[in-house]
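One-based numbering, in listed order, for ligands and for the atoms of each. We're numbering straight along the sequence, starting at 1.
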Amino acid sequence: MQKDRLVFDLLQKELKRQREGIELIASENFTSLAVMQAMGSVATNKYAEGYPGKRYYGGCEVIDELETLAIDRLKEIFRCSWANVQPHSGAQANTAVFLACLKPGDKILGLDLSMGGHLTHGSPANFSGKTYQAFFYGVDRETGLVDYAQLEATARQEKPKMIICGASAYSRDWDYARIRAVADEIGALVLADIAHPAGLIAAGLLNDPFDHCHLVTSTTHKTLRGPRGGIIAMRNDFENPFGLKDPKGNIRMMSSLLDLAVFPGMQGGPLEHVIAAKAVAFGEILSDDFKAYGQQVISNAQAMARAFVDRGYQLISGGTENHLMLIDLRNKGITGKKAQESLDRAHITLNKNSVPFDDKSPFVTSGIRVGVPAVTTRGLKEADMLTIVELIDTVLKNADDQTVIDTVKASVMNLMRAYPLYPELS
Ligand code: DSN
């Protein structure tokens, strides 16, 4: 461990940063030590192109057991008939789904990035928007809720082959049944990208997308609290409705086309050390404690949202049903960029975020996104959320006053000392 001083000193500094700060980035979390140990294990040494029982390398018998365990646990969590745990990230998982289901130039319909959607749901800057013809729905200007009427109208007019639901900055649950109804009307597939709320869905605290969506993708490192990575799953297998065939020209079930799309379609050797860590995280999700974690996440988020509203902050949609909230700072006279940078100086970490109908660029933004999965893992409760909001409010009101920011930083470090992070590590 000590051989490369430069790297290990930097890792010690990062551990210190994580320990001393308040982590509010909605897409981050703290894995268990067991998850990290699996990631730093001998499985990183093994090449295993292919799938359990069908590899292109020798010596895969143990890795096969590991990957099968991860798949089985994931299927149990979401009551699925099929899952693939090899995607290196959520973006890779979405790429594989598109590759398996669509032809270049096909139409897709997703939530606009500027309204809380994700880059891989058709943004012109991304492969999804360059390869497919992307159309978008948004949120209602008044309510901040997904504009399902607009989604339906665009779906009926454009007849996309795939409707994508899911978001990076949306604080409400989804009406998957309504999306499936219009998809059935026009013969489209529905993909739910549950990267953000997956842990809350696993805990049974939000609507279940598997009942209504043909395909589901997720990351594993957000509310699922696993290693950085991606997954694809389906509750029920089915034949590709668009007649796409495998490379040999055979019609195959979707599960088979998806496996082929991940490997050899768009990835090579799977990261088996990450898959081992996914298996550990999935085991933790299947434990009794995980539902309590999910409930605490929602309860903390709601306490925090109420505290922001009480201090005159404008939350998009007025509140939250999941782990995050999106705040429009225009009535507070500070941009998202300046808010993020000032809070960073006080060791409070979050990200600037465009708000719906934003008049500022994505590099500046009018808003911030605040999430509680990481602080909840550290053990913070509702009363702490009120303290955090008070600290944030003090910084945002004194963004140019270094003395005030230094005082807040001292309070942040003092608060977080009461919630040790990785005490086993020196
Ligand atoms: N952009 C990441 C986030 O939500 O933070 C997800 O890709």
Using a 4.0 Å cut-off to any heavy atom of [X], which atoms of ligand 1 qualify?
X	value
K222	6 (C)
H196	3 (C), 4 (O)
S168	4 (O)
R369	3 (C), 4 (O), 5 (O)
S27	3 (C), 4 (O), 5 (O)

Pair E20 + K16, salt bridge at N-O below 4.0 Å: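 Looking at K16 together with E20, the answer is yes, because their closest N to O distance falls below 4.0 Å.
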
Do R235 and D208 sit within salt-bridge range, that is, some charged N less than 4.0 Å from a carboxylate O?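 Counted as a salt bridge, because a side-chain N and a carboxylate O are separated by less than 4.0 Å.
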
With a cut-off of 3.5 Å and sequence neighbours excluded, list every side-chain donor-acceptor pair involving residues 271-285.
from	atom 1	to	atom 2	distance (Å)
K278	NZ	V85	O	2.7
K278	NZ	P87	O	3.1
K278	NZ	G230	O	2.8
E284	OE2	S32	OG	2.6

To the nearest 0.5 Å, what is the distance between CE on M162 and CD1 on I108?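 Between atom CE of M162 and atom CD1 of I108 there are 8.0 Å.
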
To the nearest 0.5 angstrom, please state how far the CD1 atom of I232 sits from the CD atom of Q92.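 Going from the CD1 atom of I232 to the CD atom of Q92 covers 10.0 Å.
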
Of the protein's non-hydrogen atoms, which lies at the shortest distance from atom 1 (N) of ligand 1, and what is that distance?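 Minimum-distance protein heavy atom for atom 1 (N) of ligand 1 reads H118 NE2, 4.1 Å.
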
